[in-house]
Each structure stands twice: as structure tokens, then as C-alpha cells.
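Working notes, structure below.
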Protein chains: 2
Amino acid sequence: MSPELTRFKSVMRQNNCFITKQRLALFKYLQASPAISINALINDLPNQDQATVYRNIKLFERIGIISRLQLGWNSKLELSNTFHDHHHHMSCVKCGKVVAWEEDPTIELRIQTVALKLGFIPQDHQLEIRGLCQSCQK
Amino acid sequence: MSPELTRFKSVMRQNNCFITKQRLALFKYLQASPAISINALINDLPNQDQATVYRNIKLFERIGIISRLQLGWNSKLELSNTFHDHHHHMSCVKCGKVVAWEEDPTIELRIQTVALKLGFIPQDHQLEIRGLCQSCQK
DNA sequence: ATACAAATTGCGAAAAATTTGCAATTTGTA
DNA sequence: TACAAATTGCAAATTTTTCGCAATTTGTAT
């Protein structure tokens, strides 16, 4: 069992949530790519009703398993699994491609400092960069 | 005329967009707070049809005047005026309060570096921190 | 000023996205 | 294995967003 799966089950148990096959399939699907739209989820998990998908997305958000991203100016809402090492996203304004990147210690540290200065206890953060990807620069 | 308003008009002209009173009202409203939901906009701009509000939000996003934020796990989509000095947001996971903060040179520089390393030409970015605000810590 | 072409608006209706109630099924626990 | 509680699927309701089109408004060139 992958460490992400172990962690997933542990978080679910901590929150008194049943581990159903629908939830497992959703979690695994979310692990496969850095960002995915709700529509893609509903289409690619055809054995689940859309109501179930929506309910479980909301649950996963509430207990911190996924978070919502707003990538481009015209893009749909997307979801990303927070159990990835990469929390941050860079998206191309032209072709829409999304690349995830690893935490950057300098940025993480700065975020801590800024949050504390404003009186917040930081819990989570999200950084999205928009720009032109290599192939769209040509 | 405020410098923001001047810049707004200039960006609008560059994009061959008419400066209508609906768009001016929308822009001014977006300037008043760090983040605002679409519903609040529609309710607070009662002299505009909701179709107009939606169309102009889309326009403003496309030409870079506003950007979308996804603040809390349960929060609605919000919009923020990019002409503010503060681009970044910190939101309280408990009470939903949103605080904007100024650019941080260390973070900005790091973002440039990371983007270039991944082959992107960065155009815009967005950083959102979630945590517990001072009053909700008690 | 005035007139004109093109862009924008308001309206109503359509389409898309999300949520809800409830009976049937599934889950974890004892 | 049996039970209580949680979850699912389904259909319908609700909410959010988009669209077509006639009427109005805007910027520009007289």
C-alpha cells in the first residue's frame, strides 16, 4: 500500500468517515494528475453518480485531502490532491497546460513569516503562477 | 482621477473596449474590498443585469483587471481587483475573514526563478494562505 | 454638435453546475 | 452474523452561468 493511501485512510478514520469504494476510486483518480476538473471526474468515474462525486469532493475539501484551484482566466474550477509532494501549480495562459512543482523552502519560510506578522496561524497555502509555457513561446 | 482609474481606462482602450457606466461601477466596486463574491456584486449593483455583470467579469479577467480566488474549502468563488497594491490573500478557515497583503520581494523573486527554471515566462501569480486569524485563535 | 457603425446592455429563456430528499445499499463494529 | 449509522443512486429542485436578440449606448469621423 502506497504511503499516500495509508495517509488517506488514516485521515478518513480520524474524521469518522467510511472508506467506500467510491471514495477510494476518487482518491486514486485525483492522485494521477496535478489538477483535474470536476467534469473530467464525473466522466471518468462513470460507476459513480454525480451527486456522490460532488458530496465526496466536498468531504475531501473539508478534511483537507484536496483543494480547489482557479488556474487560468477562462478555466474551469479544478481540484488537486494535497497529498502530492507538489502543492504549487504553473499554468500556461495559451494552451492551458498545468505543471506542478515542489515546495520551495524559501517561499515556505517567507509565507510562515508573513502570516505570523499578520496575526494568523497559517495552516495551508496555495500558489499559482500563470504564464507562457515553453512550446507556446515559439 | 485616481491612478487606478487612469490605468483602468488605459487598459480598456488598449483592448478596444468601451468604457460604459456599468463597467466603471463594477471596477469601482471591486476596488473597495480585497475580495468579493459574484453574488455580492450582483446584489450590490442592482442597476445592472446579472448577464452584464457576468460578461464584464469575464472581460476584466481576460484583460487582466481582476482574478479569481478560491479562498476557503467551502467558500464561493471570489474576485479581486489586480490594480490593488496587494495581490495576496490570507483567509481565516473559521470566520472567513480575508486580509490582503502587499507583495513580498523575496517571494516575487523566487517565483520568477522557479518559473524560468520550468521554462515558463511568468505573467501573473496568486498566493493564498489559509489559517486561523487572531480573534479565532482565542 | 450630429450621425453613424459597432459594441454593449437588459430581458427572458436556456443551459450548465450543484444540491437535496429519500429509499436502498454498504460500511464498520460488536 | 446482525445491527445501527453512514453512504449511495436516483430523480427532481435549486443555483449559477450563458445565450439570442432587440433596444440602447459608445466612440469616432464628420
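Convention: sequence-line order gives letters A, B, ...; per-chain numbering from 1.
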Report, one pair per line, the protein and nucleotides 28-30 of chain D atoms (nitrogen or oxygen only) whose separation is under 3.5 Å.
none

| query | What distance separates B:Lys117 NZ from B:Gln112 CD, expressed to the nearest 0.5 Å? | reply | 13.5 Å
| said: Does C:dT19 have OP1 or OP2 under 4.0 Å away from a side-chain N or O of A:Tyr54? | reply: no
| task | Any chance you could measure A:Ile65, atom CD1, to A:Cys17, atom SG, to the nearest 0.5 Å? | result | 8.0 Å
| task | To the nearest 0.5 angstrom, please state how far the CZ atom of B:Phe120 sits from the CH2 atom of A:Trp101. | result | 11.5 Å
| task | Examine the side chains of A:Glu102 and A:His88 and answer whether a donor and an acceptor come within less than 3.5 Å of each other. | result | no
| Quick one: does A:Leu59's side chain get under 4.5 Å of A:Met12's, heavy atoms only? | yes
| query | Please give, in whole Å, the distance from D:dT16 P to B:Ile57 CD1? | reply | 13 Å
| request: Taking all heavy atoms of B:Cys133 and all of B:Cys92, pick out the closest pair and write down the distance. | output: N-SG, 3.4 Å
| task | Whole angstrom is fine here: how far is it from CD1 in A:Ile19 over to P in D:dT8? | result | 12 Å
| query | Quick one: OG1 on B:Thr52 to CD on B:Gln22, what's the gap to the nearest 0.5 Å? | reply | 6.0 Å
Output a table of donor-acceptor pairs, distance under 3.5 Å, between side-chain atoms of residues 24-34 of chain A and any protein atom two or more places apart or on a different chain; print 'none' if there are none.
unit_1, atom_1, unit_2, atom_2, d
A:Tyr29, OH, A:Asp44, OD2, 2.3
A:Ser33, OG, A:Ala35, O, 3.2

| Nearest non-hydrogen partners of A:Asp49 and A:Ala51, listed with the distance | OD2-N, 2.9 Å
| message | Could you check whether any side-chain N or O of B:Glu128 sits under 3.5 Å from a backbone N or O of A:Glu128, counting only pairs where one atom can act as donor and the other as acceptor? | response | no
| query | C:dA7 phosphate, OP1 or OP2: any side-chain N/O from B:Thr20 under 4.0 angstrom? | reply | no
| task | May I ask you to list the residues of residues 21-28 of chain A, by number, that have any heavy atom positioned under 4.0 Å from an atom of DNA chain D? | result | A:Gln22, A:Arg23
| By a strict heavy-atom criterion of less than 4.0 Å, which residues belonging to residues 8-18 of chain A are in contact with DNA chain C? | A:Phe18
| Could you spell out the base pairing of DNA chain C in dot-bracket, with Watson-Crick or G-U pairs whose two distances are under 3.5 Å, [ ] crossing and | to another strand? | ||||||||||||||||||||||||||||||
| task | Look at the side chain of A:Gln50 and decide which nucleotide, out of C:dT18, D:dT18, C:dG21, has an atom nearest to it. | result | C:dT18
| said: Does D:dT17 have OP1 or OP2 under 4.0 Å away from a side-chain N or O of B:Lys58? | reply: no
| message | Working to the nearest 0.5 angstrom, can you tell me the gap between B:Gln14 CD and B:Lys9 NZ? | response | 14.5 Å
| message | Output the rounded distance in Å from CG (A:Asn56) to P (D:dA6). | response | 15 Å
| request: Looking only at non-hydrogen atoms, find the nearest pair between B:Phe60 and B:Arg23 and report the distance. | output: CZ-O, 3.7 Å
| Is there side-chain contact between B:Ser80 and B:His89, with heavy atoms separated by less than 4.5 Å? | yes
| field | Pair A:Gln126-A:Arg68, side-chain donor/acceptor within less than 3.5 Å | value | no
| task | Taking all non-hydrogen atoms of both residues into account, name the closest pair between A:Asn81 and A:Ile66 and its distance. | result | CA-CG2, 3.9 Å
| For the pair made of CG in A:Leu59 and C1' in C:dT19, what is the distance, rounded to whole Å? | 16 Å
| Could you give the distance from OG (A:Ser91) to CD1 (A:Ile129), rounded to the nearest 0.5 Å? | 9.5 Å
| message | Just the rounded figure in Å: distance from P of D:dT25 to CZ of B:Arg55. | response | 15 Å
| remark: Contact check, residues 39-49 of chain B vs DNA chain C, heavy-atom distance under 4.0 Å, returns B:Asn47, B:Gln48, B:Asp49
